[in-house]
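This report concerns only the one structure given below.
Counting convention: from 1, in listed order, for ligands and their atoms alike. All values below come from the heavy atoms of this structure, side chains included, with hydrogens, waters and symmetry mates left out.
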Amino acid sequence: MSEAGAPRRLIAGNWKMNGFSRDLATIEAVAGAVGQKPFNCDVMICPPATLIAGSVSTIGNNAAVAIGAQDCHVSAHGAHTGDLSAEMLADAGARAVIVGHSERRGDHGETDSLICAKAKAAARAGLISIICVGETAGQRAAGLTQAVVLRQLAASVPDAAQAETTVVAYEPVWAIGTGQVATPEDIAQVHGAMRAALVERFGATASGIRLLYGGSVKPSNAGEILSVPDVNGALVGGASLKAEDFLGIISACG
Ligand code: PGA
């Protein structure tokens, strides 16, 4: 059950650079199961951009599973070889886009201000943005977790952010793909601090912004993580690649 007054939970799968057309069967299996037995959460899968249109045509536009993208350019169109605009992703059928994932911050040197511009581009194109924040192992060891996360949050979330179309994912970098998970106490502390900062900045409406936890979420730990106060869902990497595992996490929402 969600906490009273809390926004509806979101379980979002991030396939990263994984997936071929044969894997549309996984998306079809998840959509089939979610459509048959509606769960107590919204469900999204963010496959690589090559599979967005195919996913949407496989499961249909109004399917129980929304399709999202993993990154976008800040401009609507233009001379940016290899990039995709938020408008193009929306045109392909995406309803959301992840921005500022730690792998993009790391692999491509993305800064908070670029991520903020990407979140604005997403809003311009009518997409939900899933804005990622999270500390590295070194920052955590130095006791800087909260300072880093709150700084990223302040600088990555646009001033014009709307609660319905803004999702924030707290993903400790050391927990991504490692099997190490933050403790419920750690997650509660960071999510509580993020909520307080968002309410201070945007007012009461910020209680509607969904705060996801990400980093080695799997069926066996999802229930515990999802029951932490101010955790409104999960961003799931590795465990979203198999329908059975992803559905196990979705069912933890009740
Ligand atoms: P993981 O990835 O679940 O494989 O740790 C989460 C993410 O990077 O979004």
Side-chain angles (χ1 to χ4, degrees), residues 9-19 23 26-27 30 41-49 51-52 65-72 89 94-110 115 118-119 122 127-137 139-140 145 148-149 152-153 156 166-184 186-187 190-191 194 210-226 228 231-253:
R9 285 174 173 146
L10 170 65
I11 304 296
N14 171 14
W15 279 19
K16 311 190 179 187
M17 199 171 74
N18 297 293
D23 300 306
T26 302
I27 295 181
V30 171
C41 60
D42 292 335
V43 179
M44 181 184 293
I45 294 179
C46 304
L51 296 182
I52 291 173
V65 173
I67 299 301
Q70 300 175 12
D71 177 52
C72 66
L89 299 169
R95 309 235 294 266
V97 59
I98 299 169
V99 294
H101 190 281
S102 64
E103 286 149 17
R104 293 213 55 94
R105 289 177 185 261
D107 293 354
H108 301 276
E110 294 199 2
I115 291 155
K118 290 185 174 196
L127 298 179
I128 292 170
S129 47
I130 302 177
I131 302 168
C132 301
V133 296
E135 83 285 2
T136 62
Q139 290 165 333
R140 176 181 163 82
T145 297
V148 167
V149 168
Q152 291 177 338
L153 185 74
S156 312
T166 304
V167 176
V168 173
Y170 168 54
E171 299 203 304
V173 178
W174 50 270
I176 295 176
T178 59
Q180 289 181 55
V181 188
T183 64
D186 286 341
I187 300 173
V190 174
H191 278 237
M194 292 198 301
R210 289 187 278 197
L211 304 182
L212 313 186
Y213 171 79
S216 298
V217 178
K218 34 185 195 267
S220 58
N221 60 22
E224 187 178 36
I225 291 168
L226 290 167
V228 172
V231 171
N232 312 118
L235 183 55
V236 184
S240 70
L241 294 170
K242 275 201 193 137
E244 194 189 336
D245 290 348
F246 195 46
L247 286 166
I249 294 169
I250 292 165
S251 14
C253 289

Between Pro48 and Gln70, which heavy-atom pair has the shortest distance, and what is it? N-NE2, 3.5 Å
My understanding is that only residues two or more places apart in sequence, or in another chain, count here; which of them pass salt bridge (Lys or Arg N to Asp or Glu O under 4.0 Å) with Asp23? none
Sort out the contact shell of ligand 1: every protein residue with a heavy-atom distance below 4.0 Å, listed by chain and number. Asn14, Lys16, His101, Glu171, Ala175, Ile176, Gly177, Gly215, Ser216, Leu235, Val236, Gly237, Gly238
Who are the salt bridge (Lys or Arg N to Asp or Glu O under 4.0 Å) partners of Glu103, not counting sequence neighbours? Lys16
Plane angle bin for Tyr170 and His191 - parallel if under 30°, tilted between 30 and 60°, otherwise perpendicular: perpendicular
Which pair of heavy atoms, one from Asn232 and one from Leu212, lies closest together, and at what distance? O-CD2, 3.8 Å
Report the residues that fulfil salt bridge (Lys or Arg N to Asp or Glu O under 4.0 Å) with Asp245, sequence neighbours left out, ordered by chain and then residue number. none
